[in-house]
Amino acid sequence: MTALLAAQSRPLAALAEKRTGSRQPASNTLAVSVCCSTECSSDGEHPGRRRALAGLAAAAAAFGLQQRPALAASDFVQTASGLLVQDITVGQGIQPQPGDTCVVHWAGYTKNYQAKRIENTSVRDEPFEFRLGSGEVIPAFDEAVAGMRTGGVRRVEVLGELPQLSYPRDPKERYVSRTKYRYGPQPSELGGQRALDFVLDNQTLSDTNRTLLLDIKLLAQLSHTAMSAGGGLAAYLQQLRDTLIDTAADIVPDVDERELGVDDTAKLREEEDLRGGAVLKGTVEPGKGGASPQEGDLVFLHYSLMNEHRDVLSSTLSEHGGSGRPQPFVVGKGRRMLRGMELGLQEMTVGERALLDIKPEYAFLHKLSGLPLPEGARPEAGVTVDVTLTHWVPGGGVRCVGPDSDIFLRTLTPGEGWESPRPPFEVSLRLTARTASTSGQPEEGEAYYATPAGEALQCSMGAGQLPPGVEAGLGAMQRQQEAVLLCPASQLCGGTLVPDPPNAADARNGVAAPDYAEVRLQLLDFTQVRDMAGDGQVMKRIVRKGEGEFPMDCPLEDSRVRVHLRVREQGQEQWAHDSRGGDGQGAPLEFETGMGEVPEALDMCVRLMLPGEVASLTSTWRFAYEGRQDAPEGLSAGAAVEFEVELLSFEKEAGQHELEGEERLQRAGRLKEQGNQLYKQGKTKLARIKYHKALKLVDRAFELEGEEQVAAASQLKASCLLNLARCAEREQEWGEALGWCNKAISEDDGYAKAYFRRAVISHCLGDEDSARNDLALCAELDPSTLADCERELARMERQSAAAEARQRGAMKGFFDR
C-alpha cells in the first residue's frame, strides 16, 4: 500500500485549479484553463491567478449553479449594461418614468463574500424614496426600478466585474461627508454599512467577491408632474396614497447565507496547500467515469480510516468491524467528514476506489473536519483513508436537518404552502423504513416497517410516538411533500408507533462508523396544535378547518369578532355554558379583541383562527377566569378549563397603508381612548398595547395631509407617550417612565402635563432639583395648573421631610447602641 501511494499518489492540483468550476459530464464538458502568472506585482499580488479565479467563478455561475434553482443563472436576464435581472413578482401597477419619485423596500447582500446582509428596509417598515433617473442612486438600482411596475418584486445581481453599475470603489467618491453616501441606497445600520464598505474597500478581494445581490419591491411611484401641476404637498401625498400598495409582506431574499459565504483568503490558502501536497490521491480502482460530486452533493461512500502505521481505526466495511453499508454525507455541509476526504471526493467518479494521504491540517486538526477522533488516534498525525465512492446524487433538493445536522432529507416531490409541522402538531403520514443498502442506491435495503397500503399513520409530534429522526425530517417538510430521509439508526429508536431498526443494537453500542437507515416519508396533512402561551398552559387544536389563507385571513389585529362558544371544566362531559343555548338557537357572542372582554386564552386563540374554523382550547385557570367575575357556574375555581370556539366572522379594518390622513388620525385616537379605558380598569398591559399601536399609526408624517393634520398627529403622539409613562409609573418602572416623559417633551416641548408627570417621577428617583424645575415649567406653560403644582410641591416636601426624619431616627438608634 505504501508503494502504491508512492507510485500513484499526486497532489490535488487539478482540484485547486477547478475549485469553483462545475461538474464535467462527458456529454457536456465545461473546460476551464487556468494560467497563473509567476510575476508578482509590486504589492505582492498575483494578477494572473486572480484573473483566472475570477474567470472560474464566472464559469461556475453560468454552469454549476443550476443546482440552486432560486439563484440559477438561467433565471436571470442580462441587460445591455451587464446587470442580471430576475422578476420574482411582476407588478400590476404603474411603471415609473424618469423624474418620478419611487417608494421601495429593498434588501441587499454581499452575495459572494460571506453573504453579509447589508440592509432590509421591510423589517423596520421604513421604505426608501428616490427620484428615478436623477443620479440619486447607483446605476444598477436606477436601471432595476425603471423596468418595474408597482407591486413588483425584482432581484438583481450587480456583478463585481462591472464597478460602473455599483457603488464607487474609492471612498472619496463614495462619501460626501463622514457618514453619508453620495449615491443611494445607503444601508441604515452601521453593521450593514461596514459590510458593504469592506467588500468595496478590501483590495485583496477578487471582483467576483464584490458582487451584490439586491431584492427590490416597488411600493409606489409618484409622477414628477404632481408637484408642478399644483396642490403642493397635499397633491403629492394624495397621489402617493393613491398608488401605495400593501407592504405587509416583508421582502425575504431567497438566499442561504451559510451556503453563499465565500472566504476568499481561506480559499486561496487552501488552493496553495493542495498544490503543496496537503492531500495526495492514489487511484486503486478506476471509476465508471462521468461527473464528480461537488460541494453540497449527497454522496455514499465506504471508507477505512488508517493511522500512519496503516492500522485501521474506523471503517464502514464489515471486515473491519463496520456495518458493511456505505455512509451518506453531504459534501461541505451538515455532519462533515475529514476536510481532506471532501476535497479528494471532488476528483472521484462513481465506483472509484482511492487512497487519500491527508496531512494533519486537513485531517483532525482542520476546523471543518467532522469525524470523531477514533480511539488510539493522534490529532497531530496524518491519516490515510481508503475510500470508495459507491453513489452520489446532486444536492439541489437535499437538506441537512436535526440538532447535529446529521440527518439528510432528499426531496422527491415538493410540498405545498410554506408551513411545516412542529410539536405538538398532529400529523398524517405514510412511511416505509429500510436498512441502508450495501450500494447506497435508494430502496434497495431491507424494509422493516411500512404503513399498511391505503392507510395513514396518525400521531402527535413531540409525544414520543415517532422516532426523533423522523420528527426532525417532518419538521422540514410541507404538506404533500415526499422525501427520503437518511438517518443514523440510533435516531430511529424509541418511537412507540414505529419499531426500532434491526441494526439498533449496533447503533446503541457505538460502532466506529455509525450505521444509517433509510425512511421514505410522505407528509399527507397536519393539524395545527399550538402552545399559545409557550409553557403549555394554553393549547389550541383545530377541530374543523376554516376558509381562507393562514394567517392573512385571521383577525390578527384588534377587531370585533362573532363566535359561538362552549365552556366546561376539563375532564367533564357536561358543558357549563353554550352560547347556542339548549335549543341551539342562541345568539353568538360578540366582543372586541384586545379589550379584556373575554378570558385571555380565548382572546389569544381567536386571533389565529380562520372564519368557519372550530377549535378546541384547553387552558389553566390563570389564563381562563383568574381575577374575573364572568366564570360560568359549574366550574371549580383553579381548575383547568376547556373551550370549544367557532369563529363565525370578524370586522376586518382597512390595513394601515390603506388609510388616508384623517382616517389614520381617527383610528389612532380611538386606540388611545381604548387604552385610557383599559388603564382605568387596571388592565395596564392591554393599555400599553393600544398606545403603541396608536403611535405606529401617526409616526410617519408623509402619510398625512397638510400642517393641520401633522400638528394633530404630533399632539396625539405626545399624549400616547405620556400615557405610556403613566403605565410604567403604575408598575414602578421609574427609569422607563422617565424615558417616556422625555420622549413626550421632545415631541411637544410645550406639553405642560409632561413636565408635571416628569416632576413626579424625578421625585420618586430622588432628583428633587429636577422635580422642582419641572413643576415651575409646568406652571409657566399652563397657569391653570399652578394650584396643582403647588400642592404637588408641598406633598414632595412633606415626603422628603418624613424620609429625613426616619433616617435621623434610624441613625440615632444606631449610635445609641
Side-chain angles (χ1 to χ4, degrees), residues 529-541 554-572 574-580 586-609 615-647 650 670-694 720 722-734 736-737 740 764:
V529 180
R530 296 187 180 275
D531 185 348
M532 304 296 295
D535 55 6
Q537 295 196 67
V538 181
M539 302 296 295
K540 172 184 175 286
R541 177 184 178 277
C554 299
L556 296 171
E557 298 297 330
D558 295 345
S559 54
R560 189 147 197 89
V561 301
R562 296 173 65 251
V563 302
H564 270 307
L565 177 69
R566 296 200 293 183
V567 188
R568 66 184 174 189
E569 189 172 320
Q570 192 173 4
Q572 299 295 320
Q574 187 69 31
W575 294 99
H577 170 75
D578 188 342
S579 62
R580 293 180 178 85
L589 171 66
E590 294 190 26
F591 62 92
E592 186 94 16
T593 57
M595 291 298 294
E597 297 178 10
V598 296
E600 186 176 357
L602 183 58
D603 196 298
M604 287 191 291
C605 170
V606 168
R607 292 175 185 270
L608 294 181
M609 294 180 67
S616 173
L617 183 69
T618 57
S619 170
T620 60
W621 189 258
R622 173 192 168 192
F623 286 93
Y625 293 104
E626 185 175 86
R628 301 183 63 89
Q629 305 301 317
D630 54 352
E633 293 184 6
L635 298 183
S636 304
V641 178
E642 178 183 351
F643 300 90
E644 184 182 88
V645 55
E646 178 184 4
L647 177 60
F650 68 95
R670 187 168 69 251
L671 286 168
K672 189 196 105 172
E673 292 305 318
Q674 289 177 339
N676 293 347
Q677 180 182 344
L678 291 166
Y679 180 86
K680 293 174 183 177
Q681 296 172 359
K683 300 173 182 177
T684 309
K685 177 182 175 182
L686 295 176
R688 279 176 177 262
I689 295 172
K690 295 291 185 179
Y691 295 139
H692 278 293
K693 289 182 176 180
C720 289
L722 187 59
N723 289 347
L724 284 169
R726 293 295 302 269
C727 292
E729 180 185 357
R730 172 180 282 179
E731 296 171 346
Q732 298 187 356
E733 298 288 345
W734 306 114
E736 181 188 348
W740 289 121
C764 294

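Heavy atoms only: backbone and side chains are in, while hydrogens, waters and symmetry mates are out.
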A side-chain contact here means heavy atoms from C-beta on lying under 4.5 Å apart; do [X] and [Y] qualify?
| X | Y | result |
| --- | --- | --- |
| Arg568 | Gln574 | no |
| Lys540 | Met604 | no |
| Ile689 | Leu678 | no |
| Pro599 | Val567 | no |
| Val645 | Cys605 | yes |
| Pro632 | Tyr625 | yes |
| Gln677 | Lys690 | no |
| Glu729 | Trp734 | yes |

(request) Report, as yes or no, whether the 6.0 Å neighbourhood of atom CD on Glu590 holds more than 12 heavy atoms from other residues, nucleotides or ligands. (result) yes
If you look at every heavy atom in [X] and [Y], which pair is closest and at what distance?
| X | Y | value |
| --- | --- | --- |
| Ala533 | Phe623 | CB-CZ, 4.0 Å |
| Ala694 | Lys672 | CB-N, 4.3 Å |
| Ala631 | Trp621 | CB-CH2, 4.1 Å |
| Val529 | Met539 | CG1-CE, 4.2 Å |

(request) Just do the side-chain contact (heavy atoms from CB on, under 4.5 Å) check on Val606 and Phe591 with the steps written out, would you? (result) CA-CA 11 Å; Val606 168; Phe591 62 92; 4.1 Å; yes
Please check: side-chain N/O of [X] versus main-chain N/O of [Y], any donor-acceptor pairing under 3.5 Å?
| X | Y | answer |
| --- | --- | --- |
| Ser579 | Leu565 | yes |
| Asp531 | Gly536 | yes |
| Glu592 | Glu597 | no |

(message) On the six-membered ring of Tyr691, is Arg726 placed so that its NZ or CZ lies under 6.0 angstrom from the centre and within 45° of the ring axis?
(response) no
What is the distance from atom [atom1] of [X] to atom [atom2] of [Y], rounded to the nearest 0.5 Å?
| X | Y | atom1 | atom2 | value |
| --- | --- | --- | --- | --- |
| Leu608 | Met532 | CG | CE | 4.5 Å |
| Arg730 | Gln732 | CZ | CD | 12.0 Å |
| Leu647 | Arg562 | CG | CZ | 9.5 Å |
| Arg607 | Leu602 | CZ | CG | 11.0 Å |
| Arg566 | His577 | CZ | NE2 | 11.0 Å |
| Asp558 | Lys693 | CG | NZ | 3.0 Å |

(message) For Glu646, give me all partners under side chain to side chain donor-acceptor pair (under 3.5 Å), at least two apart in sequence or on another chain.
(response)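 Once residues adjacent in sequence are excluded, the partners of Glu646 under the side chain to side chain donor-acceptor pair (under 3.5 Å) criterion are Arg544, Arg580.
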(message) Evaluate Val598 against Leu589 for side-chain contact (heavy atoms from CB on, under 4.5 Å), listing each step before the verdict.
(response) CA-CA 10 Å; Val598 296; Leu589 171 66; 4.3 Å; yes
(request) Answer yes or no: is there an ion pair linking Glu733 with Arg688, defined by an N-O contact shorter than 4.0 Å? (result)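 Salt bridge between Glu733 and Arg688, a charged N being under 4.0 Å from a carboxylate O: no.
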(request) Please name all residues satisfying side chain to side chain contact (heavy atoms under 4.5 Å, CB included) with Ala624, sequence neighbours left out, ordered by chain then number. (result)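 Checked Ala624 against side chain to side chain contact (heavy atoms under 4.5 Å, CB included); matches are Ser619, Val641, Phe643.
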